[in-house]
Q: 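Structure provided below as structure tokens; questions to follow.
For this chain, numbers begin at 1 and follow the sequence in order.
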Amino acid sequence: MPSVDSPLVYWPALLVGAYLLGSIPFAQVAARLHGIDLRKVGTGNVGAGNLSRQVGWGWGVAAAVLDGLKGLGPVWIARHFGLGLGAAGMAGLAAVVGHNWSILLRGRSGRGLATSVGLVLGLDPVLLVWTGGWAVGGWKIGGGLGGFLGWGMLPLVAMALFRPPNETLLLALLSVVLMGRRMQG
């Protein structure tokens with residue numbers, strides 16, 4: 001049993017806090033400032049992409065950065081307090097789950113890509129080269145499906161780069177979360 005001085009004692013609270021942080025729908029907040037409900041316009045997605053098309057690129061970029069920080073923050077906090085790669089990654093994953101299924105929006109929100117970028121930035125920034133290339137390719141091809149395929153193959157890339165098994169497993173869980181949300185439409 002970990003002592004009270006151990007950061008593992010606080011890990012469950014970090015997971016809950018990361019989920020709640022992830023649940024903050026920054027794009028929807030920005031849209032509401034402009035009198036728009038993103039769930040009722042454009043793609044209906046409560047994310048930075050739909051915000052960019054409805055309100056403007058500046059607002060979309062701001063929301064994407066804030067969403068990325070939702071994924072980075074819990075990973076950074078966990079690592080700062082001495083938690084291992086797996087525990088830190090799970091904290092970031094909790095933020096992605098919060099973003100994708102926000103309790104503040106009754107369970108449905110964005111698709112989690114920007115929040116996932118923050119998670120990977122905090123966990124293993126080299127892997128962003130892979131996902132970034134697929135994101136640009138998917139955007140150019142259209143529909144963003146290519147970006148999701150790139151995220152889906154990320155665990156294989158991690159294995160090819162000989163990343164630790166717990167990191168590869170975490171990236172597989174991240175891929176399942178992202179694909180699950182994508183399949184919801």
Side-chain angles (χ1 to χ4, degrees), residues 13-78 80 88-123 125 127-128 131-151 154 174-185:
L14 177 61
L15 290 177
V16 171
Y19 172 82
L20 293 174
L21 174 65
S23 291
I24 300 170
F26 289 118
Q28 178 71 339
V29 170
R32 291 297 218 171
L33 291 173
H34 291 86
I36 297 170
D37 183 347
L38 289 176
R39 296 171 293 186
K40 297 178 181 178
V41 297
T43 63
N45 183 33
V46 183
N50 197 22
L51 178 67
S52 295
R53 288 184 288 281
Q54 303 307 318
V55 177
W57 282 100
W59 286 96
V61 168
V65 168
L66 289 170
D67 286 347
L69 290 173
K70 292 189 306 190
L72 176 62
V75 174
W76 184 85
I77 289 169
H80 179 76
M90 288 301 290
L93 186 62
V96 174
V97 169
H99 179 86
N100 288 4
W101 295 281
S102 172
I103 193 170
L104 301 174
L105 293 174
R106 298 195 175 117
R108 189 84 179 261
S109 181
R111 292 190 176 141
L113 293 179
T115 309
S116 296
V117 166
L119 182 164
V120 173
L121 180 64
L123 196 68
L127 295 176
L128 289 177
T131 58
W134 275 92
V136 170
W139 176 66
K140 286 290 189 185
I141 294 168
L145 186 58
F148 279 96
L149 290 174
W151 282 97
L154 192 56
L174 176 63
S175 294
V176 167
V177 166
L178 292 175
M179 295 304 148
R181 176 60 184 91
R182 175 69 180 181
M183 289 177 7
Q184 285 183 321

Q: If I take atom OH from residue Y19 and atom NE2 from residue H99, how far apart are they, to the nearest 0.5 angstrom?
A: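 The distance works out to 11.5 Å.
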Q: If I take atom OG from residue S52 and atom CD from residue Q54, how far apart are they, to the nearest 0.5 angstrom?
A: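 Going from the OG atom of S52 to the CD atom of Q54 covers 9.5 Å.
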Q: Could you check whether any side-chain N or O of S23 sits under 3.5 Å from a backbone N or O of S102, counting only pairs where one atom can act as donor and the other as acceptor?
A: no
Q: Nearest 0.5 Å, what's the CG-CD distance between N50 and Q28?
A: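 If we round to the nearest 0.5 Å, N50:CG and Q28:CD are 9.5 Å apart.
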Q: When rounded to the nearest 0.5 angstrom, what is the spacing between CG in L105 and CG in N100?
A: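 Interatomic distance, L105 CG to N100 CG, rounded to 0.5 Å: 11.5 Å.
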Q: Closest heavy-atom contact between A114 and A64?
A: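 Distance-wise, the nearest heavy atoms are CB-O, 3.6 Å.
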Q: Write down the atom of A48, the atom of G60, and the distance for their closest heavy-atom approach.
A: CB-O, 3.4 Å
Q: Just verifying a value: how many Å separate D67 CG and I24 CD1, rounded to the nearest 0.5 Å?
A: 10.0 Å
Q: With a sphere of 6.0 Å drawn around CD1 of I103, does it hold more than 12 non-hydrogen atoms of other residues, nucleotides or ligands?
A: no
Q: Is a donor on one side and an acceptor on the other found under 3.5 Å between the side chain of S175 and the backbone of W151?
A: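 A pair under 3.5 Å: yes.
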Q: If every non-hydrogen atom of P25 is compared with every non-hydrogen atom of L104, which pair is closest and at what distance?
A: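 Of all heavy-atom pairs spanning P25 and L104, the closest is CD-CD1, 4.0 Å.
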Q: Once you round to the nearest 0.5 Å, how far does CH2 of W57 lie from CG of L51?
A: 10.0 Å
Q: Please name the pair of heavy atoms, one in K70 and one in A95, separated by the smallest distance, quoted to 0.1 Å.
A: O-CB, 3.2 Å
Q: Measure across G92 and V75 and return the closest heavy-atom pair with its distance rounded to 0.1 Å.
A: CA-CG2, 3.7 Å
